[in-house]
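In what follows, chains are A, B, ... by sequence order, proteins preceding strands, each numbered from 1.
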Amino acid sequence: MKSYYITTPIYYVNDVPHIGHAYTTLACDVLARFKRLDGFDVFFLTGTDEHGQKVEKSAIAAGMSPKEFTDKVSANFRALGATMGYSNDDFIRTTEDRHIRSSQAIWQAMAARKTPLGRDNIYLGKYDGWYAVRDEAYYDESELVTGPDGKKRAPSGAEVEWVEEPSYFFRLSDWGDWLLAFYKSNPDAVGPATRLNEVRSFVEQGLHDLSISRTTFGWGVKVPGDEKHVMYVWLDALTNYITAAGYPDVEGEKFRRFWPADLHMVGKDIVRFHTVYWPAFLAAAGIATPKRVFAHGWWTNEGQKISKSLGNVIDPVKLVEKYGLDPVRYFLLREVSFGQDGDFSNSAMVRRMNTDLANDLGNLAQRVLSFVAKNAGGEVPQHGALADADRALLGAAGDLLVTIRAELDQQAFHKALEATFAVVAEANRYVDAQAPWTLRKTDPARMATVLYVLMETIRLIGFALQPFMPTTIGRLLDLLAVGADARSFSHWDWALKPGTKLPAPSGLFPRFVEDAPAAKG
RNA sequence: GGCGGCGUAGCUCAGUGGUAGAGCAGGGGAAUCAUAAUCCCUUGGUCGGGGGUUCAAAUCCCUCCGCCGCUACCA
C-alpha cells in the first residue's frame, strides 16, 4: 500500500487559534481524506510548538509553570480540530519526551557530520547584536536610528543595547550551493512557483550561519553535552516532522514507511524555514528531505488586512456556528486559488452557500431524489439501454476522479471543486433536457433510465466531494443507500443496484437567509 | 535600492502570436421535478498608458504609471 505523509506546521501556543490555523489544517485534512479514499496509507500530523522565551514569559505572567501553561493552550488547538472535523492521525507536542529525544538526536547527527565543504556543521561561537529589551528582539545595525540624545533605537523606538552570548551555530553558509542544486533537481520541492523563485533568490544572495542555541532562557530542549544551552526554537520545531515518524529510530517501520514526508503545508510567512533551513538541517544530519513544501496565502476580512490591533481577527469557531461546518470548509477551499491571498466576506460566503451548495448541488439532489421517491417507488430505478446523453453525463462524472486526483496532487483545491461543480451544472442541464416529469406520462421506462443516470451521477459527485464536506456528503450517500463500506475510490466504478430501497429524501444544503435586522428597542 | 510578480467585462479571475473568455452580478424568456431552485438567450471590455517587432500581439521587445511579494536568525 502506498503511503502518504502530510503535515501542518505545529502551531505556536502563544497564539489563539484563528482562521489561518484552521485554513492550513483544513487543506491538509482534505488531502488526507482524499488519499485515504484513494487507497493510501495516510499519516496526517498536526500539533503544537511549545518552547521558547515568549512561552516561558507568558506562563509566568499567567502564574503557571510552562508545563501547566502549555497543557492549557495546546488544548485550544485540539478543540479547534474537533470543531473543524479534522482527521489527523497524531497530534504532536514539542514538550513530549519523544520529541526531546528526537531533537537531541538530530543535533548529534548534525554535529557528527561535515558540510559539503568538509567543515563541522555545528560550532560554538557567540551570538551578538543590538538587542531591545522592551521588544525582546534583536535588530540589524541598518534598522537602527540614532536619536538626538545619541542613543541607538529600534524602529519601534525602544532603546537597544549591544549584547553577546555564547551560541552554537549551524554552518548554513556552506549549504548554499547544495540548496540551489536541490531546488534545480527538485522543481516540485517548493510550491507555488513564485515562492520557489523567492527562496532561490534568497539563497543566491549568500547565506549566513545560523545561531541554533540560546543561554538566556531555559524553556527548551537542552543541547546535548552542554546543558547551559537550549536549542533554537526553529530547529526544535521543524524536527517535529521526523519525531512523529519515529526518529531517531530510522530503521523502524514507521520511519521507513512515512519519511520523507510527501507534503509540508505551510503559510507563506514560514516558507524560508521550511525550504532553506529545514532541508539544510536534514541534509546535514544525513536524513532525506521532504518531497514538497507548499505555501498558501492569507485571508483578509471584508477587504481589510487582519490584525489583532484592528480587532478583526476571524474566529473559525464563530464561522462554523454561523454558517455550518461543511459550507465553511467548502468556501475556504473554493473561493480562492490556493496559494493566493483571499478575502473572506459575508456576502461571498453566502453567495457560495446559496449558489453552489443550495441551488446547484443541494437542489439537484433534492429534485432528483424527491422525484424518485414520488414516481419511482422510492427505490433505485431499473435502467434500460443508455442513450448518448446518458453516456455523456456519466462519462463526465466518471472522469472526475482522474481530474481531481491530478489537481489535488498540485494542491489546486479550487480547480478540483470547479471541475466537480461543472458536472453538477451538467447534471442540472440534463434534468431539464430529459424532463422526467414529461417522460412519466409518455415513456416510464425511459424516465427510469434518466433517474438512474442522475442518481449514479450524484453518487460520483458525492464521492468526489467527500473529502471536502465529509458530514453532509455522508448524508447524501446515505440518501443514495451507498453503504459506508462502499465509499472509497475502489468503489468508484461500482454502480447503484436497481431495486435498492432508498430512505426518504431530505434537504442537505439549506439556503442561508440573513437574520432580519432586529427591530430596535 | 536589488530580485520577482501583477494590472483583461461591475466583481473575482482564465487566456502567452492568429477574429476577446468563464463564474458571479445585471437584462429578457422558457419550464414547473425541486430548497422561487433550474434551463436558454442576452447587455457589458480601445486586454493600465505610449512606442516597437510581425502578414497578425492581451500574448514578444522597450518605456512610463500604479499595485504587490521577497530582501535572514519573533512561531
Side-chain angles (χ1 to χ4, degrees), chain A residues 9-15 21 48-55 94 127 129 135-140 142 167 169-170 172 192-212 214 232-238 266-273 276-277 297-298 334-337 340-343 345 347-348 351-352 354-375 414-415 418 421-422 424-425 427-440 447 450-451 454 505-513:
Chain A
I10 47 174
Y11 301 119
Y12 200 52
V13 290
N14 244 21
D15 283 341
H21 302 112
T48 45
D49 181 11
E50 308 190 0
H51 287 133
Q53 190 169 22
K54 282 192 184 175
V55 174
T94 54
Y127 183 53
D135 297 348
E136 293 173 32
Y138 283 88
Y139 290 95
D140 190 81
S142 62
S167 171
F169 281 81
F170 172 60
L172 184 63
T194 177
R195 300 294 165 209
L196 175 60
N197 286 339
E198 289 178 4
V199 167
R200 191 191 291 116
S201 74
F202 172 80
V203 173
E204 282 169 350
Q205 288 172 32
L207 297 169
H208 303 164
D209 290 347
L210 194 65
S211 168
I212 52 169
R214 292 295 145 82
Y232 171 51
V233 282
W234 267 111
L235 174 54
D236 166 3
L238 289 162
V266 301
K268 66 182 184 179
D269 54 327
I270 53 175
V271 169
R272 191 170 60 229
F273 300 98
V276 180
Y277 302 166
W298 290 131
R334 175 65 185 89
E335 183 67 6
V336 305
S337 178
Q340 307 275 92
D341 288 353
D343 182 49
S345 70
S347 63
R351 197 182 313 125
R352 287 291 179 194
N354 288 350
T355 302
D356 296 0
L357 297 181
N359 295 356
D360 292 345
L361 176 59
N363 186 54
L364 172 68
Q366 183 73 356
R367 70 197 299 205
V368 170
L369 291 173
S370 68
F371 199 94
V372 168
K374 290 174 191 166
N375 301 296
H414 61 296
K415 288 190 181 172
E418 190 176 35
F421 276 78
V424 172
N428 271 318
R429 282 192 290 275
Y430 173 91
V431 177
D432 283 294
Q434 300 301 320
W437 47 90
T438 301
L439 295 172
R440 182 185 55 189
M447 176 195 79
V450 165
L451 294 175
L454 281 164
S506 66
L508 296 168
F509 295 100
R511 288 178 65 78
F512 183 85
V513 182

Taking only residues two or more places apart in sequence, or in another chain, which ones meet [X] in a ring pair (Phe, Tyr, Trp, His ring centres under 6.0 Å)?
{"X": "Tyr127(A)", "result": "Tyr138(A)"}
{"X": "Phe169(A)", "result": "Tyr123(A)"}
{"X": "Tyr11(A)", "result": "His21(A), Phe77(A)"}
{"X": "Tyr12(A)", "result": "none"}

Would you say [X] reaches [N]'s phosphate, i.e. side-chain N/O to OP1/OP2 under 4.0 Å?
{"X": "Arg195(A)", "N": "G69(B)", "result": "no"}
{"X": "Asn359(A)", "N": "U38(B)", "result": "yes"}
{"X": "Arg272(A)", "N": "U71(B)", "result": "yes"}

Exercise for the section: Examine distances only and state if a side-chain atom of Asn354(A) and a backbone atom of Phe512(A) form a donor-acceptor pair shorter than 3.5 Å. Expected result: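 Side chain of Asn354(A) to backbone of Phe512(A): a pair is present.
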Handout entry: Flag, side chain of Asp341(A) to backbone of Trp298(A), donor-acceptor distance under 3.5 Å
Key =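 At least one qualifying donor-acceptor pair exists.
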Length of the line joining [X]:[atom1] and [N]:[atom2], which is rounded to integer Å:
{"X": "Trp234(A)", "N": "C74(B)", "atom1": "CH2", "atom2": "C1'", "result": "10 Å"}
{"X": "Leu196(A)", "N": "G69(B)", "atom1": "CG", "atom2": "P", "result": "20 Å"}
{"X": "Leu369(A)", "N": "A37(B)", "atom1": "CG", "atom2": "C1'", "result": "15 Å"}
{"X": "His414(A)", "N": "C24(B)", "atom1": "NE2", "atom2": "P", "result": "17 Å"}
{"X": "Arg200(A)", "N": "G69(B)", "atom1": "CZ", "atom2": "C1'", "result": "16 Å"}
{"X": "Lys415(A)", "N": "A14(B)", "atom1": "NZ", "atom2": "P", "result": "9 Å"}
{"X": "Asn428(A)", "N": "A37(B)", "atom1": "CG", "atom2": "P", "result": "13 Å"}
{"X": "Arg351(A)", "N": "A25(B)", "atom1": "CZ", "atom2": "C1'", "result": "8 Å"}

Practice task
Would you indicate whether Lys268(A), at its atom NZ, is surrounded by more than 12 heavy atoms from other residues, nucleotides or ligands within a distance under 6.0 Å?
Solution key: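 Count over threshold, so yes.
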Exercise for the section: Could you list the residues that satisfy side-chain contact (heavy atoms from CB on, under 4.5 Å) with Ala237(A), not counting sequence neighbours? Expected result: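 side-chain contact (heavy atoms from CB on, under 4.5 Å) list for Ala237(A), sorted by chain: Ile10(A), Asp49(A), Trp234(A).
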Exercise for the section: Could you list the residues that satisfy side-chain contact (heavy atoms from CB on, under 4.5 Å) with Leu207(A), not counting sequence neighbours? Expected result: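 Leu207(A) satisfies side-chain contact (heavy atoms from CB on, under 4.5 Å) with Leu172(A), Leu179(A), Phe202(A), Val203(A), Val276(A) only.
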Problem - Straight-line distance of Arg351(A) CZ to Asn359(A) CG, nearest 0.5 Å - result: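 Reported value, rounded in 0.5 Å steps: 13.0 Å.
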Problem - Nearest-0.5 Å distance, CG of residue Leu210(A) to CZ of residue Phe273(A) - result: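 One finds 8.5 Å between CG of Leu210(A) and CZ of Phe273(A).
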Counter-base of [N], judged by Watson-Crick or G-U geometry with both distances under 3.5 Å:
{"N": "G45(B)", "answer": "none"}
{"N": "A20(B)", "answer": "none"}
{"N": "G69(B)", "answer": "C3(B)"}
{"N": "C39(B)", "answer": "G29(B)"}
{"N": "A34(B)", "answer": "none"}
{"N": "A9(B)", "answer": "none"}

Within the 4.0 Å heavy-atom criterion, would you say [X] contacts the bases, only the backbone, or no part of the nucleic acid?
{"X": "Gly297(A)", "result": "nothing"}
{"X": "Ile212(A)", "result": "nothing"}
{"X": "Tyr232(A)", "result": "sugar-phosphate"}
{"X": "Tyr277(A)", "result": "base"}
{"X": "Asp360(A)", "result": "sugar-phosphate"}
{"X": "Ala237(A)", "result": "nothing"}
{"X": "Ile270(A)", "result": "nothing"}

Problem - Arg195(A)/Glu198(A) ion pair, N-O < 4.0 Å - result: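 A salt bridge is present here (some side-chain N lies under 4.0 Å from a carboxylate O).
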How far, in whole Å, is [M] from [N] if one measures between their [atom1] atoms?
{"N": "U43(B)", "M": "U32(B)", "atom1": "P", "answer": "27 Å"}
{"N": "G15(B)", "M": "G2(B)", "atom1": "C1'", "answer": "32 Å"}
{"N": "C13(B)", "M": "G45(B)", "atom1": "C1'", "answer": "14 Å"}
{"N": "C47(B)", "M": "A14(B)", "atom1": "C1'", "answer": "13 Å"}
{"N": "U16(B)", "M": "G5(B)", "atom1": "C1'", "answer": "15 Å"}
{"N": "A56(B)", "M": "U63(B)", "atom1": "C1'", "answer": "23 Å"}
{"N": "C11(B)", "M": "U53(B)", "atom1": "C1'", "answer": "36 Å"}

Hey, what are the protein-to-nucleotides 42-44 of chain B N/O distances that come in under 3.5 Å?
none

Practice task
Using salt bridge (Lys or Arg N to Asp or Glu O under 4.0 Å) as the criterion, list what pairs up with Asp343(A), not counting sequence neighbours.
Solution key: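 For Asp343(A), no residue satisfies salt bridge (Lys or Arg N to Asp or Glu O under 4.0 Å) once neighbours in sequence are set aside.
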Problem - salt bridge (charged side-chain N to carboxylate O under 4.0 Å, His left out) contacts in which one or both residues fall within residues 203-212 of chain A, not counting sequence neighbours - result: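 Checked against salt bridge (charged side-chain N to carboxylate O under 4.0 Å, His left out) - neighbours excluded - no pair reaches residues 203-212 of chain A.
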Problem - Counterpart residues, side-chain hydrogen bond (donor to acceptor under 3.5 Å, both in side chains), relative to Arg272(A) (two or more places apart) - result: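 So Arg272(A) forms no side-chain hydrogen bond (donor to acceptor under 3.5 Å, both in side chains) with any residue.
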Report, one pair per line, the protein and nucleotides 26-34 of chain B atoms (nitrogen or oxygen only) whose separation is under 3.5 Å.
from, atom 1, to, atom 2, distance (Å)
C33(B), O2', Arg367(A), O, 3.3
C33(B), O2, Arg367(A), NE, 3.1
C33(B), N3, Arg367(A), NE, 3.4
C33(B), N3, Arg367(A), NH2, 2.5
C33(B), N4, Arg367(A), NH2, 3.1
A34(B), OP1, Lys374(A), NZ, 2.6
A34(B), O2', Asn363(A), OD1, 2.6
A34(B), N3, Asn363(A), ND2, 3.1
A34(B), N3, Arg367(A), NE, 3.4

Exercise for the section: Please tell me which of Val424(A) and Gln340(A) maps to the more 5' nucleotide of RNA chain B, matching each residue to the nucleotide holding its nearest heavy atom. Expected result: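 Comparing both residues, the 5'-ward one is Gln340(A).
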Problem - 5'-most by nearest nucleotide on RNA chain B - Glu418(A) or Ser337(A) - result: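 Nearest-nucleotide comparison on RNA chain B picks Ser337(A).
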Distances for protein N/O vs nucleotides 2-7 of chain B N/O pairs under 3.5 angstrom?
none

